[in-house]
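See below for the structure under consideration.
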Protein chains: 2
Amino acid sequence: MPARPRINLKTLAEYLGLSITTVSRALKDGPEVKPDTVARVKEAAASLGYLPDAGGVYLRTGRTMKICSIFYAPEVADYGDAGFLAQVEGVSRTLETDSYNLIVLAQTANQSPLETVRRVLQQRLADGVIFSRTTPMDERARFCLEFKFPFVSFGRTELHSPHAFVDHDDEGGVYDAVMRLAADGHKRIALFNPAGGMTYAGFRLRGYQRALADLGLPWDRSMLVTSPLSVWASQDAVRDLLTRDTSVTAIVCANQLSMSGAMEAALEQGIEPGRDGLRIIGFGGMPFRMPFEQGVTYYYQPQRRDGEVLARHMLALLGGEPAENLQTVLPYQRIDDLRRFRLDLRERAVGRSAADINGPTASG
Amino acid sequence: MPARPRINLKTLAEYLGLSITTVSRALKDGPEVKPDTVARVKEAAASLGYLPDAGGVYLRTGRTMKICSIFYAPEVADYGDAGFLAQVEGVSRTLETDSYNLIVLAQTANQSPLETVRRVLQQRLADGVIFSRTTPMDERARFCLEFKFPFVSFGRTELHSPHAFVDHDDEGGVYDAVMRLAADGHKRIALFNPAGGMTYAGFRLRGYQRALADLGLPWDRSMLVTSPLSVWASQDAVRDLLTRDTSVTAIVCANQLSMSGAMEAALEQGIEPGRDGLRIIGFGGMPFRMPFEQGVTYYYQPQRRDGEVLARHMLALLGGEPAENLQTVLPYQRIDDLRRFRLDLRERAVGRSAADINGPTASG
DNA sequence: GGCATAAATCGAAACGTTTTGGATTGTGCA
DNA sequence: TGCACAATCCAAAACGTTTCGATTTATGCC
């Protein structure tokens, strides 16, 4: 093992001719320490390069100074990143402002969602956890609430107990999408929702039904497609839909993978995706290139900004803020011209300003 | 903070009527502990749910039981993941077999590569570090060698001191690509190499030049394109090439983002990418859909398997294995029919076997 | 100068685990 | 039974930091 940092509280105390206690207290702005002494201690610590040893702090206080973010490997690792790493960057950069570091754990296909969270708590891997793909009665949320393990979910639950979350306005997004499609003359609009019983699917269905009701359009159950969100599964599901119902003229997709799958399926059926064929609208955090982009509308969630909000809520939670105050529903940013948007992203990338990359509606 | 696990060495020792020392020794198969006692202690530990407290272990031994993997945010987070999360899954799953956990850190655009590594060491965030995008005289590798900080690089350096690495056979891959293009009649073959002075660019250039020499084709410097690897930068660079030289019939691209960029640029010039127009070959770990796939050859690096090898080298290094024995160059797996390959991946995904997803040449 | 009080600093113990070296117990032989 | 040696177990200290409560120093008043 490499040598330990040579400066610890003991050496610092010896250097200053003070006790370890006083030095520790001074570094934490203890009110019973003379301001003179505080300044002297801090100056010496800075000039000697003292860094607190996280292990010592943990053993005494029980605080690991780590937050764990869990990603669902089958969804992310095989088919491309839907923005998780952008979120990781946002989370970790924000945590660092409070000396926290982010641990990333993969939940593989053969693990239950709860197993990974349980492990984080049992092994004291982190002071709190961030997880997504929430369900209405999410067992992880219930576990964390029961054991008082701090967490911020990316997505809501329907639990009565308040807890911290960051989510997007799925109901509003789908409502907007359907209203716009209807304004373009579409009457046979399908909704593609994710399989897995996630909470956000409910919000999306609600937005869909509300828009239909407001439009005076009938609610036709066969217009609801439910499927896992891989390109392949999406392609299958949309193929089925288009085969059994040729009157469908538009699909509101769950994410960009399912948008790609829907485009593939349309091509298979000899239908051109886009404004003149099958109209495709979708959601997501990574506007990378899809088979077709013209006539595609994309509801964008800037994941880096999302990550920052997640981290801020987590820090506030750890600082004692009540969870009721840490519940944020962020708007989607609608992109009607994906190509233009990606060009804009490109120009901003040249400027290399991370804050700008989050888009003009970033209010974080 | 949540309560600490209630079972520690003290409670276990009291339960067994032994000293803390003996219990600790027994759990580690200490040779001076009676086999009877060892078995008794282990059984009690298992049934009472004893888990060692990582903080206590760290404070005494200096071992954090964590490995840190650093990703370069601008390359990964903005433009989509080139397989990093698949690698994360492979690394973390393999580390877990030795009770290690993976920390993922983002190196942002305004940080130097060394800064993140230095921080990991100074703050004792991990026992070792994994980083990629190595340069020939990589300052991170030199730093780690100087301070004896264990590391495994994903990519080689040209440093004299031996160190552990996992890399792909870039020279062999490009050699193979050029030979095959030549066998198809191509004589004006461009090489698209990454900007940034990374070691692997040298290997690729070497493979390119060696193939040309073996083929008796002239080495024309204008056939070498160097650019950052975003879709946008790639598109620009290939546009420049095609504008100034219309005789180019094939490009060996650095990764699939640059393949996409090259396809975009070809389309701009009214050239059809593929077997009858501009032939495009590339490398990468994430065979997601590109604008064109017919006539495209893809040298695939299965990142999950790569991650497993990285983790095994790291564990061996920490276990005292000399770095000279931990240097692995993995072959690329050539995919001539991307569409077929993705269908195969899909079928395997249905089977949900992670080992199979790495492909038939996985020798890991 | 002595006393009371406040300000400032300090010693000791705690957190969980590992490891060195000592103490205790068991065994074999004269 | 006593001695020497091996097997087995144990006490104490270390790691770095925080925090409780005690001790020391400084200040103001009579």
Side-chain angles (χ1 to χ4, degrees), chain A residues 1-42 44-45 48-66 99 121-125 127, chain B residues 1-42 44-45 48-66 99 121-125 127:
Chain A
M1 294 306 321
R4 288 179 186 260
R6 275 152 302 185
I7 308 296
N8 58 21
L9 283 186
K10 187 181 176 186
T11 49
L12 196 52
E14 284 165 356
Y15 174 81
L16 289 159
L18 295 170
S19 76
I20 289 175
T21 309
T22 304
V23 172
S24 176
R25 283 291 173 73
L27 287 174
K28 309 245 173 270
D29 292 300
E32 70 283 349
V33 183
K34 197 162 53 169
D36 246 8
T37 306
V38 169
R40 195 158 64 96
V41 169
K42 285 185 172 178
L48 293 185
Y50 168 75
L51 288 171
D53 186 290
V57 173
Y58 162 71
L59 202 55
R60 186 63 180 78
T61 67
R63 293 195 300 146
T64 65
M65 302 310 291
K66 308 244 177 346
S99 305
L121 177 61
Q122 286 184 339
Q123 294 182 32
R124 308 294 311 125
L125 293 179
D127 295 343
Chain B
M1 293 305 324
R4 292 181 183 260
R6 273 149 303 185
I7 308 297
N8 57 23
L9 282 186
K10 187 181 176 186
T11 48
L12 198 51
E14 281 165 358
Y15 174 81
L16 290 158
L18 295 169
S19 76
I20 290 174
T21 310
T22 303
V23 172
S24 176
R25 282 290 174 74
L27 288 174
K28 309 245 176 270
D29 293 300
E32 70 282 351
V33 183
K34 196 163 54 168
D36 246 12
T37 306
V38 169
R40 196 159 62 97
V41 169
K42 286 186 174 179
L48 293 186
Y50 167 76
L51 288 172
D53 186 288
V57 173
Y58 161 73
L59 201 53
R60 187 62 181 78
T61 67
R63 294 194 300 143
T64 65
M65 302 309 293
K66 307 243 174 355
S99 304
L121 177 61
Q122 287 184 337
Q123 293 182 33
R124 310 292 311 122
L125 294 179
D127 296 342

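Reminder, nothing fancy here: chain letters follow the sequence lines and each chain counts from 1.
- Distances shorter than 4.0 Å separate none of the side-chain N or O atoms of A/Thr61 from OP1 or OP2 on D/dT17.
- In the helix from C/dG1-D/dC30 to C/dA30-D/dT1, the end axes, each obtained as the rotation axis mapping the C1' atoms of four pairs onto the next four within a five-pair block, lie 70° apart to the nearest 10 degrees.
- Within the structure, every pair that satisfies the salt bridge (Lys or Arg N to Asp or Glu O under 4.0 Å) test and touches residues 7-27 of chain B, not counting sequence neighbours, is listed here: B/Arg25-B/Glu32.
- Interface residues of residues 10-20 of chain A facing DNA chain D, ordered by number: A/Ile20; criterion, heavy-atom separation under 4.0 Å.
- Mapped onto DNA chain D by nearest heavy atom, B/Pro35 and A/Ser24 fall at different nucleotides, with B/Pro35 at the one closer to the 5' end.
- Atom NZ of B/Lys66 is separated from atom NZ of A/Lys66 by 6.0 Å, given to the nearest 0.5 angstrom.
- To the nearest 0.5 Å, atoms CG (B/Asp53) and CZ (B/Arg60) are separated by 15.0 Å.
- Rounded to the nearest 0.5 Å, atoms CG (B/Leu12) and OG (B/Ser24) are 10.5 Å apart.
- Every residue two or more places apart in sequence or in another chain that forms a salt bridge (charged side-chain N to carboxylate O under 4.0 Å, His left out) with B/Asp29 is listed here: B/Lys42.
- The interatomic distance linking B/Lys34 (NZ) with D/dC10 (C1') rounds to 15 Å, in whole Å.
- Taking CG from B/Leu48 and CD1 from B/Ile7, the interatomic distance works out to 5.0 Å, rounded to the nearest 0.5 Å.
- Between A/Thr64 atom OG1 and A/Leu59 atom CG the span is 12.5 Å, to the nearest 0.5 Å.
- Rounded to whole angstrom, the span from the CG atom of B/Leu9 across to the C1' atom of C/dT19 amounts to 13 Å.
- Residue B/Arg60 contributes atom CZ, which lies 16 Å from atom P of D/dA12 at whole-angstrom precision.
- Applying the side chain to side chain donor-acceptor pair (under 3.5 Å) rule to A/Thr11 yields the partners A/Asn8; only residues at least two apart in sequence or on another chain are considered.
- Each of B/Gly56 and B/Val33 was matched to the nucleotide of DNA chain D holding its nearest heavy atom; the match closer to the 5' end belongs to B/Val33.
- We find that CD1 of B/Ile7 is positioned 15 Å from P of C/dC15, with the value rounded to whole Å.
- Within the 4.0 Å cut-off from OP1 or OP2 of C/dT17, at least one side-chain nitrogen or oxygen of B/Tyr50 is found.
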Checklist entry - For nucleotides 20-25 of chain C, read 5' to 3', which letter fits each nucleotide if B means a protein heavy atom sits under 4.0 Å from the base, S means only the sugar-phosphate is that close, and - means neither? => result B-----
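- Residue A/Leu59 has its side chain nearest to C/dG16 when only D/dT17, C/dT17, C/dG16 are considered.
- Here the closest heavy-atom approach between residue A/Pro52 and residue A/Val57 is recorded as CB-CG2, 4.5 Å.
- In this structure, CG of A/Asp53 is placed 17 Å from P of D/dA14, rounded to the nearest angstrom.
- Contact detail for B/Tyr15 and B/Ala44: the closest heavy-atom pair is CE2-CB, 3.9 Å.
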Next on the checklist: If you apply the rule side chain to side chain contact (heavy atoms under 4.5 Å, CB included), what do you find for A/Leu27 with A/Leu9, and how did you get there?
Outcome noted: CA-CA 10 Å; A/Leu27 287 174; A/Leu9 283 186; 3.9 Å; yes
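- Put simply, CZ on A/Arg63 is 13 Å from C1' on D/dT19, counting in whole angstrom units.
- Scanning all heavy atoms of the two residues, the minimum distance from B/Leu16 to B/Arg40 falls at O-NH1, 3.5 Å.
- The shortest distance between the side-chain N/O atoms of A/Thr37 and the OP1/OP2 oxygens of C/dT9 is below 4.0 Å.
- The nearest whole Å value for the distance from the CG atom in A/Asn8 to the C1' atom in D/dC15 is 10 Å.
- A/Arg40 places its CZ atom 12 Å from the C1' atom of C/dA8, with the value rounded to the nearest Å.
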